[in-house]
Amino acid sequence: MKIAVLKEGAPGETRVSATPETVKKFIALGAEMAVESGAGEHASIADADYSNAGAKVGDRAATLAGADIVFGVQGPDPESLGGAKAGAWIVASLNPFGDRPRVDAYAAKGYEALAMEFMPRITRAQSMDILSSQSNLAGYKSVLIAANEYGRAFPMMMTAAGTVSAAKAFVMGVGVAGLQAIATARRMGAQVSATDVRSATKEQIQSLGAKPIFVENVKGIEGEGSGGYATEMSEEYQKAQAELVSSHIAKQDIVITTALIPGRPAPRLISDAQIATMRPGSVIVDLAAESGGNVEGAVSGETVVRHGVKIVGAKNMAGTLAADSSALFSRNLFNFLSAFWDKEKNAPVLDEEVGDAIRLTKSGAVVNARLLG
């Protein structure tokens with residue numbers, strides 16, 4: 001069983017899908033590990049570190065030759081996979097809804113593409129969930145970026161020259177990224193409030209010492225979709241939430257938005273008119289900018305100014321912490337494959353619950369129910 005670890009080809013991608021730690025663990029399982037030269041360069045991992053861990057380091061052709069499984073952080077270009085075995089598994093974050101042509105190309109070439117972001121949110125798969133591990137770091141980094149862009153201090157400071165008031169931070173969307181953003185902003189001394197469409201998150205917000213901001217006058221709307229994800233809300237709820245947010249956001253110095261709906265454009269949470277109510281110098285970090293943005297006017301990978309408010313359009317936020325995000329991502333992949341490793345076959349054998357959830361292509365066809373409509 002040969003596993004190939006590729007150097008990422010997407011512009012600006014700094015992460016790597018295996019570390020020396022996971023290379024050793026896969027070899028202990030019985031796999032042969034091949035790593036493309038330079039794969040860990042941006043994550044502070046030298047080729048020699050992989051060699052010392054037992055991997056064979058070489059160019060892409062040598063790395064892919066006879067590979068049964070191909071690892072990536074982002075899905076590799078289907079045209080670049082020459083040499084991998086027919087039916088080889090492609091295990092990566094594949095962006096199935098945003099890059100369907102690539103999925104179709106994997107099918108046409110006979111690869112079995114496994115989308116790690118489709119991992120079901122069940123207890124036994126928590127350690128395999130790349131969305132959680134990467135979102136956790138993104139939530140942390142979003143607050144650091146907000147603090148850097150904000151022209152004032154976060155904590156209250158009492159000095160001989162007078163008192164500096166604490167910054168007011170508002171987190172919209174209390175998933176993994178949002179919870180980490182709340183915790184980080186609290187540690188930095190900000191006054192933190194948060195909101196979400198899922199009523200169950202109210203206790204989580206309070207447990208972190210933040211103030212929950214929720215729509216109370218619209219009953220029977222929980223916002224909880226399948227697998228623990230948020231769902232799109234009714235028009236009645238959206239209107240009530242917009243009114244609540246408008247009155248609250250005008251008083252905030254920092255806003256972090258994290259709301260995503262799988263397979264859909266990111267929901268619009270903040271309008272231009274709401275931005276205009278914020279005081280100049282305030283900062284908004286939109287963690288959903290790559291999926292269309294929660295904030296009107298946000299641009300992925302850029303910082304724009306509207307009405308004196310800085311809007312940071314996040315792009316690959318986890319990649320800005322390449323060493324840690326690579327370590328977590330690679331452990332997700334190891335936890336996934338090792339859980340299904342058949343010692344007699346010296347290969348992973350997936351069950352239906354997980355396999356059917358993440359498998360996009362097989363035997364030349366797209367087979368995932370979420371992509372087939």
Side-chain angles (χ1 to χ4, degrees), residues 139 142-143 146 150 165-186 190-225 228-261 264-289 291-298 306-314:
S142 69
V143 178
Y150 186 51
S165 298
K168 295 179 180 179
F170 182 39
V171 178
M172 303 183 72
V174 189
V176 174
L179 288 170
Q180 185 57 248
I182 292 169
T184 303
R186 285 276 297 155
Q191 294 180 7
V192 185
S193 57
T195 190
D196 196 284
V197 298
R198 297 165 295 171
S199 60
T201 60
K202 185 180 293 186
E203 291 183 2
Q204 294 175 308
I205 293 169
Q206 292 172 324
S207 72
L208 291 172
K211 179 181 179 181
I213 306 295
F214 277 78
V215 173
E216 303 291 353
N217 60 342
V218 179
K219 297 181 180 179
I221 302 175
E222 296 300 321
E224 187 80 50
Y229 294 97
T231 59
E232 193 165 21
M233 306 311 298
S234 67
E235 289 186 13
E236 180 187 10
Y237 185 94
Q238 290 178 1
K239 181 179 178 181
Q241 186 188 47
E243 292 173 355
L244 177 67
V245 168
S246 291
S247 62
H248 187 68
I249 204 172
K251 308 168 189 175
Q252 304 306 304
D253 303 305
I254 306 294
V255 179
I256 311 289
T257 66
T258 73
L260 291 168
I261 300 174
R264 304 284 295 275
R268 182 56 49 83
L269 302 182
I270 300 177
S271 67
D272 186 71
Q274 290 169 325
I275 296 170
T277 67
M278 299 178 70
R279 67 172 178 170
S282 301
V283 178
I284 302 173
V285 180
D286 187 350
L287 284 180
S291 298
N294 297 144
V295 183
E296 185 174 357
R306 297 174 75 95
H307 310 292
V309 177
K310 291 182 179 179
I311 305 171
V312 181

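It should be emphasised that the depicted structure is a prediction, and the values quoted were computed from it without experimental measurement. Heads up: numbering here begins at 1 and tracks the sequence. Heavy atoms only: backbone and side chains are in, while hydrogens, waters and symmetry mates are out.
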### Query
Taking it one step at a time, do S193 and Q252 satisfy side-chain contact (heavy atoms from CB on, under 4.5 Å)?
CA-CA 9 Å; S193 57; Q252 304 306 304; 3.9 Å; yes
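Between V295 and the choices L269, I275, D272, V285, the side chain to side chain contact (heavy atoms under 4.5 Å, CB included) rule is met once, by I275. The side-chain hydrogen bond (donor to acceptor under 3.5 Å, both in side chains) with D253 is formed by just one residue from the set R279, Q191, K168; it is R279. S282 pairs with exactly one of V309, T277, I249 by the side chain to side chain contact (heavy atoms under 4.5 Å, CB included) rule, that one being V309.
Residue A288 comes nearest to A259 through the heavy atom pair CB-O, 3.5 Å, listed as atom of the first residue, atom of the second, then distance. Heavy-atom minimum distance, A167 versus Y150: CB-CE2, 3.8 Å. Of all the heavy atoms in F214 and S199, the pair that sits closest is CE2-CA, 4.0 Å. Heavy-atom minimum distance, A210 versus P212: O-CD, 3.6 Å. The two atoms that bring I254 and A146 nearest to each other are CG2-CB, 3.7 Å, heavy atoms only.
A donor-acceptor pair is defined here as one N or O able to donate and one able to accept, closer than 3.5 Å; no such pair exists between the side chain of N294 and the backbone of R268.
Atom CZ of residue F170 and atom OG1 of residue T195 lie 5.0 Å apart, to the nearest 0.5 angstrom. Interatomic distance, CD1 of I270 versus CD1 of I284, reported as 4.5 Å (0.5 Å rounding). With rounding to the nearest 0.5 Å, the separation of CD1 in I213 from CG in D196 is 13.0 Å. Rounding to the nearest 0.5 Å places CG of D286 at 12.0 Å from CD of E296.
Residues S246 and Q274 bring a donor and an acceptor atom of their side chains to less than 3.5 Å of each other.
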Could you give the side-chain donor-acceptor pairs of residues 172-186 under 3.5 Å, partners two or more places apart or in another chain?
| residue | atom | partner | partner atom | Å |
| --- | --- | --- | --- | --- |
| Q180 | OE1 | T184 | OG1 | 3.1 |
| Q180 | OE1 | R187 | NH2 | 3.2 |
| Q180 | NE2 | N136 | OD1 | 2.9 |
| T184 | OG1 | Q180 | O | 2.8 |
| T184 | OG1 | R187 | NH2 | 3.2 |
| R186 | NE | L208 | O | 3.3 |
| R186 | NE | G209 | O | 3.4 |

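For K251, the salt bridge (charged side-chain N to carboxylate O under 4.0 Å, His left out) test picks out no residue, with sequence neighbours left out.
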